[in-house]
Amino acid sequence: MAHLVNYIYIVSAALFILSLKWMNTPATARRGVFAGEIGMLLAISGTLLAHEVFNWQWILAAMLIGAAIGIPIAYIMPMTAVPQRTAMSHACGALAAALVGTAEFYREPQHGFVLAALIIETLLGFLTFTGSLMAMGKLQEVLPTRPITYRNQNVMNGILFAVAAGLGVRLIVSPGDTWIFPIFAGLSTIFGVLLILPIGGADMPTVIALLNSYAGLSACAMGFALDNKLLVIAGALDGSSGLILSIIMCKAMNRSFANVLFGAFGQLQTKAGKTEQRPVRSASAEEAASILDVAGSVIVVPGYGLAVAQAQHKIRELFDALTRRGVDVKFAIHPVAGRMPGHMNVLLAEADIPYDRLVEMEDINSEFPQCDVALVIGANDVTNPAARHDAASPIYGMPILDVDKAHTVMVIKRGMSPGFAGIDNELYYLDKTLMLFGDAKAFTAEILKELPVRAGA
Ligand code: NAP
């Protein structure tokens, strides 16, 4: 039996690794998710086979309750709420790790390395649990989204963490002092809340990737504590992929970790933001349609507004209509367009836009100068040329899509409201830019209606 379980674990670990690899590109992403699911099913089966199960009823009941909560959530939660849904899963995973750690601590005396792993697991588990709940509350706007700051906050947080970690060390050295454990767990829990307080709701997606990494490390430590190799592997993969993802996000926003965690970003720029009272050129759907009709190449730049409007299916119709006319249509994907990594890929894939039409920022930027029309749909910050030259701008240095280099720029958005960074966008005031004011889905539908009918198109 032990051999069989080991083989199951090896297959499962391989599937987890392949799953991450396949999730790298939209073309293989679905396969990646499927591989991860099969890997997890095998992991659970292997673990149940490896241990004597005392009570199947409890395990089945837990599975049923989990499925009864998880399946409806998958259907009810809109795409725009995926960051908070992810935060909720991290909270559950981290709480599970923390509770297993607590149970193991009291179940039988542990010593040395195993106890150290167990303490790390519990510390990270509890702080990730409350940190993730806070992140979810901020994203869902049930908690104030602005950063909450006070004097010496970072020093006080640092001291709190040091005390919690110090108590953990004390428990490792003298495991008999079990009375310390509840204080240690309580401080870890409070630290999770205080860690998130000074971070603005806008930075939560990056923080969630980081919390994902903590939850993974906690699971990895649990693997050492329970002597389960697969848990060590899965936790390490989870921990490192979360960290890599948060680094990618920080890079794409030209922010440092310290700036995200301690910078209280979003405090100065209010949501309403200051937008200049300069004239812009606006156009009707009919004018937009006639420009698109004669274009040879169009680059569509999707952003957060596309997700809000759920315009992906209408955009697919526009893509089809233009392609039938012989227009070369591509989609420019900025790594942090939207509110979560891969947000635009997922939306456009949902509407079955061919994957080879989605082009990453580094590859598409050289094409803008030759492109007839850049059609920006609900994107804002990721197209702001100020990021290239205005050292005073909060997004200075952030890599952007060079939309302003296209021959004509058309921007669909509802008004002149700023985006995530709360700042005005100079793109809108260029002579070559036409503002198409309206909801992304409704305006795209209008354009489709206005496209001149052509034989064969
Ligand atoms: P954005 O800068 O947030 O702008 C979105 C724009 O969409 C808004 O200006 C809004 O203008 C418009 N909009 C909203 N609802 C709309 C609707 N129904 N129809 C049409 N337009 C609508 O979005 P982005 O260009 O995608 O940039 C993403 C930002 O999020 C970046 O600053 C990035 O750093 C940040 N961020 C991203 C991630 C990530 O992982 N993707 C994580 C953290 C932070 P109106 O209100 O005028 O319509």
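Quantities reported herein were computed from a predicted structural model and do not represent experimental measurements. Starting from 1, each residue takes its place in the sequence as its number. Atoms within a ligand are numbered from 1 in the order they appear, just like the ligands themselves.
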Side chains of [X] and [Y]: do they bring a donor and an acceptor to under 3.5 Å?
X: Tyr304; Y: Asp381; result: no
X: Ser290; Y: Glu287; result: no
X: Tyr428; Y: Asn384; result: no
X: Asn212; Y: Thr86; result: no

Distance in Å, Phe331 CZ paired with Leu375 CG, rounded so as to fall on 0.5 Å steps: 9.0 Å
Residues in the immediate environment of ligand 1 (any heavy atom closer than 4.0 angstrom): Ala202, Pro205, Met249, Met253, Gly303, Tyr304, Gly305, Val308, Ala309, Val336, Ala337, Gly338, Arg339, Met340, Pro341, Gly378, Ala379, Asn380, Asp381, Val382, Lys413, Arg414, Gly415, Ser417, Pro418, Gly419, Phe420, Gly438, Asp439, Ala440
Glu317, CD: over 12 other non-hydrogen atoms inside 6.0 angstrom: yes
